[in-house]
Protein chains: 2
Amino acid sequence: MDMKLKIPYKLEVTCSNCNLLKKCMPLGLNNYELTRIDELVSQRIRVKRGHDLSRLKNGQQSLYIIRTGYFKTVISTNDGRDQVLGFHMAGDSIGLAGELSELYSCQVIALEDSTVCIVPFSNVEEIANSVKGLHSHIRHLYSLEINRENSVMLFLGSMNSEERVATFLLKLSASHEERGFSPIDLNLKMSRYDIASYLGLKHETVSRTLAKFIKSKLIILNLRELKILNLVALNSIATDKH
Amino acid sequence: MDMKLKIPYKLEVTCSNCNLLKKCMPLGLNNYELTRIDELVSQRIRVKRGHDLSRLKNGQQSLYIIRTGYFKTVISTNDGRDQVLGFHMAGDSIGLAGELSELYSCQVIALEDSTVCIVPFSNVEEIANSVKGLHSHIRHLYSLEINRENSVMLFLGSMNSEERVATFLLKLSASHEERGFSPIDLNLKMSRYDIASYLGLKHETVSRTLAKFIKSKLIILNLRELKILNLVALNSIATDKH
DNA sequence: CGCACGGTTGACCTGTATCAAGCCGGGTGG
DNA sequence: CCACCCGGCTTGATACAGGTCAACCGTGCG
């Protein structure tokens with residue numbers, strides 16, 4: 001089971017022919033810079049569903065960019081507590097937390113078979129003087145991550161269950177749309193348990209809340225196939241001053 | 001009231017004679033590098049209690065490093081929801097979220113009269129080639145912030161009120177100790193309302209939980225003077241598998 | 001093919017929110 | 001300088017959202 005991880009299958013892709021380039025490195029690169037960017041990526045690998053990307057760590061601090069697939073990040077303490085911190089899809093960067101605290105550990109679990117590009121920061125340091133704006137782009141990635149986490153803290157700290165679930169569906173919808181997929185036909189890659197953990201609820205509560213949304217014709221749900229019928233109403237549940 | 005903000009009083013301090021240097025820029029700098037580091041800081045300013053540091057933004061993205069004093073960061077949505085994201089004291093860096101989402105805004109409120117160094121990222125870019133390790137130090141600051149937020153999400157998502165309050169007191173204690181202050185005699189700079197928002201509770205619940213801790217002789221509390229009597233017990237409340 | 005796990009639903013319980021009253025301390029204005 | 005007042009804080013009574021426990025179902029994975 002671990003073989004696939006230990007002897008990663010190298011993918012026949014370069015940044016130059018990658019259709020995510022514009023989202024991944026939106027720097028307006030010329031040809032010379034493009035070939036340097038290719039040198040950033042030390043490996044392009046496959047990760048099987050259920051496997052933990054963070055166990056790939058080879059000592060050097062790296063950025064992981066999702067090419068295809070779906071991941072969840074999970075934090076767990078030594079006293080058995082754990083918490084889903086986020087879900088991530090094609091084009092997202094993970095691994096920004098860097099060297100981890102000794103108090104808890106982070107996992108990055110593939111929710112479906114996925115492919116990932118690995119960018120060691122040492123490569124960034126080396127190539128940054130040839131590629132204008134690379135450092136500030138990396139900084140931008142960090143900002144995005146911090147802003148994302150801020151919005152998670154907002155609903156964890158101040159929303160009731162309906163608001164949380166509605167917010168979750170809307171974010172999912174938005175990130176699908178951003179990538180050119182339908183914003184109303186969603187295929188949930190994560191379990192109700194994952195959603196519950198992410199939202200700071202129990203899985204029964206997630207189930208019940210979704211059932212409520214079905215009853216009031218906001219969504220249709222069949223296992224993990226979800227269709228949003230009323231984005232406007234969901235939005236007002238998520239954002240109305242209570 | 002805004003005058004102090006608009007015409008900031010410049011402080012007579014340089015990095016070279018700042019006693020926070022080792023925490024702020026732990027790079028083992030030589031004299032040449034030290035003078036370059038001084039150029040990083042565009043301004044050293046005072047911020048009065050209650051004022052919002054984020055309103056200083058002059059367009060360019062900057063890092064703010066607390067020299068003295070105490071701050072809280074707050075996120076607020078246009079639908080009137082808000083949430084304290086963290087508390088910050090001397091040596092901490094803030095402003096890493098950078099350019100903010102249009103969905104919500106962040107404030108950085110001084111909880112007492114404070115002083116702050118402002119480091120525009122454009123200066124970092126300029127000086128980084130003279131100071132080895134500066135970029136990776138900045139990256140380290142981001143990692144710290146993300147790890148801090150991860151731990152906040154952990155308790156927001158998975159802890160009951162006693163665990164949250166105990167965790168809060170322990171973190172406070174640890175950050176005081178880290179700065180050479182007593183880890184058991186704490187002076188709370190923030191209100192019960194601030195604590196409640198940070199912990200995702202109501203202020204009454206915080207009050208009651210503290211009262212419980214007083215009753216079981218874990219702490220003594222007089223207004224905002226707090227003495228921790230039993231760190232061990234607090235720790236087991238915070239981390240025991242329930 | 002079978003079983004374990006993800007998911008749903010119901011009944012009940014409890015922790016935290018809500019509502020309300022009152023206290024204390026510090027800042028402000030007369 | 002004192003009195004007042006307002007905001008921060010505490011404490012009690014009550015309500016209810018969401019957690020807990022339990023039973024059952026479907027399905028997809030091995």
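Values below: all heavy atoms of this structure, side chains included; hydrogens, waters and symmetry mates excluded. Naming convention: chains lettered A, B, ... in sequence-line order (proteins, then strands); numbering from 1 in each chain.
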Are A/Phe87 and A/Tyr198 close enough that their ring centers fall under 6.0 Å?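 Yes; A/Tyr198 has its ring centre under 6.0 Å from that of A/Phe87.
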Mind checking whether B/His88 and B/Phe71 have ring centres under 6.0 Å apart?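 Ring centroids of B/His88 and B/Phe71 are no less than 6.0 Å from each other.
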Looking at A/Arg208 and C/dG10, is any side-chain donor or acceptor paired with a base atom of the opposite kind under 3.5 Å?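 Between C/dG10 and A/Arg208, which were checked side chain against base, a qualifying N/O pair under 3.5 Å is present.
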Measure [atom1]/[X] against [atom2]/[N] and give the value in whole Å, please.
| X | N | atom1 | atom2 | answer |
| --- | --- | --- | --- | --- |
| B/Phe155 | C/dT16 | CZ | P | 14 Å |
| B/His203 | C/dT16 | NE2 | P | 16 Å |
| A/Leu221 | C/dT9 | CG | C1' | 15 Å |
| B/Lys202 | C/dA20 | NZ | P | 16 Å |
| B/Glu162 | C/dT16 | CD | P | 8 Å |
| A/Asn222 | D/dG26 | CG | P | 13 Å |
| B/Leu156 | D/dG18 | CG | C1' | 17 Å |
| B/Glu204 | D/dT14 | CD | C1' | 13 Å |

Quick one: which of [options] gets closest to the side chain of [X]?
| X | options | result |
| --- | --- | --- |
| B/Leu223 | D/dG8, D/dT10, C/dG25 | C/dG25 |
| B/Asn160 | C/dT16, C/dT8, C/dG25 | C/dT16 |
| B/Ser161 | D/dG18, C/dT16, D/dT10 | C/dT16 |

Determine: side-chain N/O of A/Thr205 to OP1/OP2 of D/dG19, distance under 4.0 Å, yes or no.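 Yes, such a contact exists.
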Under 4.0 Å from OP1 or OP2 of C/dG7: is there any side-chain N or O of A/Arg192 that close?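 So the side chain of A/Arg192 is within the cut-off, an N or O lying under 4.0 Å from OP1 or OP2 of C/dG7.
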How long is the gap from CG on B/Asp79 to OG1 on A/Thr239, to the nearest 0.5 Å?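 Output value for this atom pair is 5.5 Å.
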Is it true that the side chains of B/Thr205 and B/Ser161 contain a donor and an acceptor less than 3.5 Å apart?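 There is no such pair (donor and acceptor under 3.5 Å, judged by atom type) between the side chains of B/Thr205 and B/Ser161.
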Let me see the working for B/Arg192 and B/Glu204 under salt bridge (Lys or Arg N to Asp or Glu O under 4.0 Å), right down to the final yes or no. CA-CA 8 Å; B/Arg192 303 289 193 273; B/Glu204 296 98 324; over 6 Å; no
Taking any heavy-atom pair under 4.0 Å as a contact, classify A/Leu201: base, sugar-phosphate, or nothing.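 Sugar-phosphate contact only - A/Leu201 comes under 4.0 Å of backbone atoms but never of a base.
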Which part of the nucleic acid does A/Arg224 contact within heavy-atom distance under 4.0 Å: base, sugar-phosphate only, or nothing?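 A/Arg224: backbone/sugar contact only, no base atoms under 4.0 Å.
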Closest-nucleotide 5' rank along DNA chain D - winner of A/Met159 and B/Asp194: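 Upstream on the strand: B/Asp194.
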